[in-house]
Amino acid sequence: MESAVMSSVAPETVAILGDSYSTFEGYNPPVWEAYYPTYGPSVASVEDTWWHRLIARLGLRLLINDSVSGATVCTSVRENQDISVAFVRRMKGSLSRAGVGGERPSLILICGGTNDSWIDCPIGELQYGDFTEDDLRKTLPAFCHMLGYVTRENPGARVVVIINCDLKPEITEGFAEACAHYGIENVRLAGIDKFNNHPTKTGMAQIEEQVERAIYTHSY
């Protein structure tokens with residue numbers, strides 16, 4: 001894919017909220033566990049990751065990559081993880097109105113839901129308000145709560161949700177419907193090369209290309 005030319009009004013700063021697909025040792029908050037490169041050796045350099053490739057190609061500046069291996073969107077976390085790793089918990093630190101060091105991102109990329117699907121978290125139903133702690137233990141209500149929070153706390157930011165391929169259909173369709181409700185773009189990944197259900201170096205390049213294409217399909 002040819003490198004896109006940045007528009008003069010394109011976002012300059014980016015924040016990422018993600019799971020293992022967006023990790024690389026030394027580039028995520030140090031208290032969080034990274035999947036790459038230890039468990040994904042074909043992704044040997046940070047330059048091989050989808051997000052670093054995107055930032056380099058589009059000339060963006062990374063404010064924060066708040067990604068944790070194994071993290072779920074909802075609070076039904078893995079047995080070996082604390083509830084604080086859930087997307088709906090971490091977002092309040094990295095994507096609040098306070099920003100990162102006082103600066104809010106102009107582009108927010110959210111890539112999650114994979115672990116919710118893998119570990120059979122309760123899916124629940126789409127819900128757009130009056131969230132209880134029990135609601136947030138379910139994937140779809142938690143996802144809606146997250147989108148509402150992120151858009152409310154980051155007015156003017158462009159938010160793009162990356163939906164992994166091979167998720168449970170109810171999650172894929174629910175995420176897409178929730179994005180439409182909040183006026184948020186989504187990228188449905190397709191045909192990603194994986195090993196042990198994680199992107200290889202080739203898969204990372206495919207993710208970057210699909211996200212970049214989606215970003216430039218629409219003007220800012």
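Just so it is clear, the structure is predicted and the values come from calculations on it, not from any experiment.
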TODO: With the side chain counted from C-beta on, respond yes when Ser67 and Tyr27 share a heavy-atom pair under 4.5 Å apart, and no when they do not.
DONE: no
Task: Point-to-point distance, once rounded to the nearest 0.5 Å, from OG1 of Thr114 to CD1 of Ile163 - done: 10.5 Å
Open item on the list: Less than 4.5 Å apart, side chain to side chain, heavy atoms only: is that true for Leu140 and Glu125?
Closed with: no
Task: Heavy-atom closest contact (Ser69 atom, Ala34 atom, distance) - done: CB-C, 4.1 Å
Open item on the list: Hydrophobic clusters here meaning ILVMFWY residues chained together by side-chain heavy-atom distances under 4.5 Å, can you tell me if Trp118 and Ile83 are in one?
Closed with: no
Task: ILVMFWY cluster, Ile123 and Val88 together (side-chain gap under 4.5 Å) - done: yes
TODO: State the OG-NZ distance between Ser45 and Lys201, to the nearest 0.5 angstrom.
DONE: 8.0 Å
Task: Arg188 (side chain) donor-acceptor with Cys165 (main chain) under 3.5 angstrom - done: no
TODO: State whether the side chain of Asp116 and the backbone N or O of Val73 hold a donor-acceptor pair below 3.5 Å, judged by distance alone.
DONE: yes
Open item on the list: Would the distance check show the side chain of Thr172 and the main-chain N or O of Pro169 forming a donor-acceptor pair, the cut-off being under 3.5 Å?
Closed with: no
Open item on the list: Within this structure, what is the CG-CD distance for the pair Asn186 and Glu177, rounded to the nearest 0.5 Å?
Closed with: 11.5 Å
Task: Transitive ILVMFWY side-chain link Val85 to Leu17, under 4.5 Å - done: no
TODO: Could you check Arg89 against Leu136 for side-chain contact (heavy atoms from CB on, under 4.5 Å), going step by step and ending with a plain yes or no?
DONE: CA-CA 10 Å; Arg89 292 291 191 261; Leu136 299 184; 4.2 Å; yes
- [ ] Hey, could you give me the CD/CD1 distance between Gln206 and Ile192, rounded to the nearest 0.5 Å?
- [x] 5.0 Å
TODO: Find out whether Glu185 and Arg158 are in side-chain contact, i.e. whether some heavy atom of one side chain is under 4.5 Å from a heavy atom of the other.
DONE: yes
TODO: Please test Val43 against Thr49 for side-chain contact (heavy atoms from CB on, under 4.5 Å), starting from the C-alpha separation and ending with a verdict.
DONE: CA-CA 7 Å; Val43 182; Thr49 63; 4.0 Å; yes
Task: Non-hydrogen atoms of Cys74 and Ala86 that approach each other most closely - done: O-CB, 3.2 Å
- [ ] List the atom of Cys144, the atom of Gln127, and the distance in Å for their closest heavy-atom pair.
- [x] CB-O, 2.9 Å
Open item on the list: Less than 4.5 Å apart, side chain to side chain, heavy atoms only: is that true for Val160 and Leu107?
Closed with: yes
Task: Non-hydrogen side-chain atoms of Tyr182 and Val150 separated by less than 4.5 Å - done: no
Task: His198 and Tyr35 aromatic centres sub-6.0 Å - done: yes
TODO: Can you establish whether the number of heavy atoms outside Tyr39 located under 6.0 Å from its atom OH is more than 12?
DONE: no
Task: Residue that, paired with Asn164, satisfies side-chain contact (heavy atoms from CB on, under 4.5 Å) out of Asn115, Leu189, Asp19, Val187 - done: Leu189
- [ ] May I ask you to check whether Asp134 and Thr132 show a side-chain donor-acceptor distance below 3.5 Å?
- [x] no
Task: Minimal non-hydrogen separation, Ala44 against Phe24, with atom names - done: O-CZ, 3.7 Å
Open item on the list: Would the distance check show the side chain of Arg90 and the main-chain N or O of Gly18 forming a donor-acceptor pair, the cut-off being under 3.5 Å?
Closed with: yes
Task: Linked, directly or transitively: Ile162 and Leu60 (ILVMFWY side chains, under 4.5 Å) - done: yes
Task: Pair Val159-Asn154, side-chain contact (heavy atoms from CB on, under 4.5 Å): steps then yes or no - done: CA-CA 9 Å; Val159 181; Asn154 296 272; 5.9 Å; no
- [ ] State whether the number of non-hydrogen atoms from other residues, nucleotides or ligands found under 6.0 Å of Phe195 atom CZ is greater than 12.
- [x] no
TODO: For a side-chain contact (heavy atoms from CB on, under 4.5 Å) with Ile108, tell me which candidate from Leu95, Val161, Ile16 qualifies.
DONE: Leu95
- [ ] For Arg152 and Arg97, indicate whether the former's side chain and the latter's backbone hold a donor-acceptor pair under 3.5 Å.
- [x] no
- [ ] Rounded to the nearest 0.5 Å, what's the gap from OG1 on Thr13 to CD on Glu103? Could you check?
- [x] 5.5 Å
- [ ] Output the distance between atom CG (Asn28) and atom OG (Ser94), rounded to the nearest 0.5 Å.
- [x] 11.5 Å
Task: Close side-chain approach of Arg104 to Pro155, heavy-atom, < 4.5 Å - done: yes
- [ ] Kindly say whether Arg137 contributes a backbone atom to a donor-acceptor pair with the side chain of Ser76 at under 3.5 angstrom?
- [x] yes
Task: Same apolar cluster: Ile215 and Ile207, side chain cutoff 4.5 Å - done: yes
TODO: Ignoring hydrogens and angles, tell me if any N or O in the side chain of Asn65 forms a donor-acceptor pair with the backbone of Ser22 under 3.5 Å.
DONE: yes
Open item on the list: Has Arg57 got a side-chain atom pairing as donor or acceptor with Glu209's backbone, closer than 3.5 angstrom?
Closed with: no
Open item on the list: Can you confirm whether Asp130 is buried at CG, in the sense that more than 12 heavy atoms of other residues, nucleotides or ligands lie under 6.0 Å from that atom?
Closed with: no
Open item on the list: Using only atom types and a distance under 3.5 Å, with no angle test, would you say the side chain of Trp50 pairs donor to acceptor with the backbone of Tyr21?
Closed with: yes
Open item on the list: Can you tell me if Lys168 has over 12 outside heavy atoms packed within less than 6.0 Å of its NZ?
Closed with: yes
Task: Phe143 vs Phe87, ring pair (Phe, Tyr, Trp, His ring centres under 6.0 Å): CA-CA, chis, key distance, verdict - done: CA-CA 9 Å; Phe143 184 77; Phe87 280 54; 9.0 Å; no
TODO: Report yes if some heavy atom in the side chain of His181 is under 4.5 Å from a heavy atom in the side chain of Tyr128; otherwise report no.
DONE: yes
TODO: State whether the side chain of Asp48 and the backbone N or O of Met204 hold a donor-acceptor pair below 3.5 Å, judged by distance alone.
DONE: no
TODO: Indicate whether the side chain of Asp193 and that of Thr200 have a donor and an acceptor atom separated by less than 3.5 Å.
DONE: yes
Open item on the list: When you compare the side chain of Val46 with that of Trp51, does any pair of heavy atoms fall below 4.5 Å?
Closed with: yes
